Amino acid sequence: MTALVDAGLLADVQKFGAADVSACFSCGNCTAICPLSDNDGTFPRRLIRYAQVGMKDALLGSKELWTCYYCGECSDTCPTQADPGGFMAAARRYAIASYDRTHLARTMYTSPVLGSVFAILLAAFFALFMYSSHGAQSTQSLALFGFIPEGLIHNTGVAVMVLVFLAGLSGVVMMARGISRREGLSVRDVVGSRAALTRSIRALWVALGIESLGQRRYRVDCETVQETQPWYRRRWFIHAATMWGFLGLLAATILDYGLAVVGIKATGTPVPIWYPVRLLGTVAGIALIYGTSMLIVDRLRRSNRSASDSTAADWTLLALLWVTGVTGFLIELALYLPQAPAWGYWVFLFHVSVAMELVLLAPFMKFAHAVYRPVALFFYALAGDKSTDTENEPG
Ligand code: SF4
Ligand code: SF4
């Protein structure tokens, strides 16, 4: 198999925030200190080597790229200030941009002004589009779907989800093909036999359940790096609160529509605070606001290596998440006030516009790691499982 060399690879990754890693002489300090380094003793320096020699396909097809949680231990011990942790973060941004055929992700990451203007215009577009069909503002009770029609929100949401699904699927296919080529995995290895299927289901459980939702490596293996902090200020907890908060809000929104579809409760019907879907949305909203607020505070204070390394796209994502959470709460507050406040309608319009934008931009920002990381971890677990099985085969 021939590998094409991209002489501009290192310079290109640097556009995404990497330090100049050309001084790295593969001493191995980063490998020795990394809590996530595995047995072959080449992580993370092998990926730096790929960038140095222009092996683009190898870099993009490295499942290990996504196993790093940017604790920064390696950067603190690097004798040449090559900042390997920063390199890994930049390489992941580079990967997100490389899997995106529209080039929007590259613009968001490498042209901060253009990316920020685009984000503002997109929110304005959604707001104007929704407002163009607005109805009356009742002062008796907060009739949100009398102001912005439910059907319009639903149909726009479906269109946004379809676009996001297509963009995400195209990126995942590109990534999965790159990793399987490098790992020498075929479709048969994944689903070709009962043994392969069992391995794949195990790998899926590890990737999705244990690592992504349970955050095992982040929580346990990176723990030594975080142990001076109380539990509620640890990076894994803040990350988990943000992720679980977002997933909880998504689930509450889908369930709310689901209840309307089966005729149990029309969307927007007033319900008590303890109503299960409302309760789920409230708890998830608190988690999201806490997580994103802490992430913002940490970035402003530059509390750790990862928080010191912020791009405009990172700030845009955090702002969208935070605004979505806070405006959601304001709407909830407005719903329980005895008189319908006029501001409730405008907050609702703002909330819907920002939430639509957040979902639409997901494949083009750091949010995309929520999909790419589990896919890489699936291959990581599968490769480990396969080699264990091979070693155990009689022979
Ligand atoms: S990045 Fe730094 S610590 Fe890691 S191998 Fe290169 S020079 Fe050594
Ligand atoms: S940032 Fe942390 S997890 Fe990532 S390679 Fe460096 S030491 Fe390992």
Side-chain angles (χ1 to χ4, degrees), residues 9-11 13-14 16-55 58-96 179 206-207 210-212 214-229 234-240 243 295 298-299 302-311 314 366 369-370 372-374 376-377 379-381 384:
L9 178 60
L10 188 50
V13 179
Q14 280 180 264
F16 291 80
D20 183 4
V21 292
S22 51
C24 164
F25 60 107
S26 215
C27 69
N29 273 8
C30 50
T31 303
I33 198 82
C34 175
L36 303 180
S37 185
D38 48 20
N39 295 333
D40 78 351
T42 61
F43 176 79
R45 60 198 161 116
R46 179 162 41 88
L47 284 88
I48 294 178
R49 192 73 190 133
Y50 289 152
Q52 285 175 329
V53 299
M55 292 175 67
L59 183 65
L60 292 177
S62 291
K63 57 194 187 316
E64 293 83 3
L65 185 58
W66 299 89
T67 59
C68 160
Y69 287 103
Y70 201 177
C71 64
E73 286 282 281
C74 54
S75 300
D76 292 339
T77 53
C78 173
T80 62
Q81 274 80 50
D83 187 11
F87 168 82
M88 296 291 281
R92 285 189 291 275
R93 292 179 203 124
Y94 173 76
I96 290 172
I179 296 182
V206 171
I210 299 177
E211 297 294 354
S212 299
Q215 313 242 300
R216 184 189 59 183
R217 281 157 67 99
Y218 202 175
R219 184 167 41 85
V220 180
D221 296 342
C222 293
E223 178 73 354
T224 47
V225 184
Q226 312 176 47
E227 67 191 2
T228 52
Q229 304 271 17
R234 293 185 184 179
R235 282 184 60 214
W236 76 265
F237 182 78
I238 292 171
H239 185 262
M243 175 187 69
L295 288 171
D298 282 344
R299 282 185 188 270
R302 298 171 165 256
S303 309
N304 51 59
R305 273 269 180 184
S306 161
S308 313
D309 180 8
S310 303
T311 64
D314 293 336
K366 191 176 180 179
H369 83 281
Y372 292 138
R373 197 188 293 274
L377 289 173
F379 282 105
Y380 194 85

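Positions are given from 1, in the same order as the sequence printed here. One-based numbering, in listed order, for ligands and for the atoms of each. Keep in mind the model is a prediction, meaning the values are calculated, not measured.
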Inter-residue atom distance Trp236.CH2 - Gln229.CD, 0.5 Å rounding: 13.5 Å
Roughly how far, to the nearest 0.5 Å, is CD of Glu64 from CG of Leu377? 10.5 Å
For atom 2 (Fe) of ligand 2, closest protein heavy-atom neighbour: Cys71 SG, 2.3 Å
Non-hydrogen side-chain atoms of Trp66 and Arg92 separated by less than 4.5 Å: yes
Could you grab the distance from atom SG of Cys34 to atom CG of Asn29, nearest 0.5 Å is fine? 12.5 Å
Qualifying residue, where the test is side-chain contact (heavy atoms from CB on, under 4.5 Å) with Cys30 and the options are Cys78, Pro79, Pro44, Ser75: Pro44
What residue and heavy atom of the protein are closest to atom 6 (Fe) of ligand 2, and at what distance? Cys74 SG, 2.2 Å
Ligand 1 to Cys78, heavy atom cutoff 4.0 Å, flagged ligand atoms 1 (S), 2 (Fe), 3 (S), 7 (S)
Relative to the heavy atoms of Tyr70, which atoms of ligand 2 are at a distance of less than 4.0 Å? 1 (S), 4 (Fe)
Which is closest to atom 3 (S) of ligand 1 in terms of heavy atoms, Gly28, Ala82, Gly85, Cys30? Cys30
4.5 Å side-chain heavy-atom contact, Ile238 and Leu295: yes
Assess, by modelled atom type and distance only, whether the side chains of Tyr218 and Arg235 contain a donor and an acceptor separated by less than 3.5 Å. yes
Measuring to atom 6 (Fe) of ligand 1, does Cys27 have an N/O/S atom at a distance below 2.8 Å? no
List every atom of ligand 1 that sits less than 4.0 Å from any heavy atom of Ser26, numbering the atoms from 1 in the order shown and giving each element. 5 (S), 6 (Fe)
Using heavy atoms and a threshold below 4.0 Å, how should the contact between Ile48 and ligand 1 be classified: side chain, backbone, both, or neither? side chain
Going by the atom numbers of ligand 2, which of them fall below 4.0 Å from some non-hydrogen atom of Pro44? 5 (S)
If you scan protein heavy atoms around atom 4 (Fe) of ligand 2, the nearest is Cys68 SG, 2.4 Å
Any idea which protein heavy atom is nearest atom 7 (S) of ligand 1, and the distance to it? Thr80 OG1, 3.5 Å
Report yes or no: does a heavy atom of Pro84 sit under 4.0 Å from some atom of ligand 2? no
Distance from Ser62 atom OG to Phe43 atom CZ, nearest 0.5 Å? 9.5 Å
At what distance, to the nearest 0.5 angstrom, does CG of Leu65 lie from CZ of Arg46? 10.5 Å
Counting non-hydrogen protein atoms only, what is the nearest one to atom 8 (Fe) of ligand 2? Give residue, atom name and distance. Cys34 SG, 2.3 Å
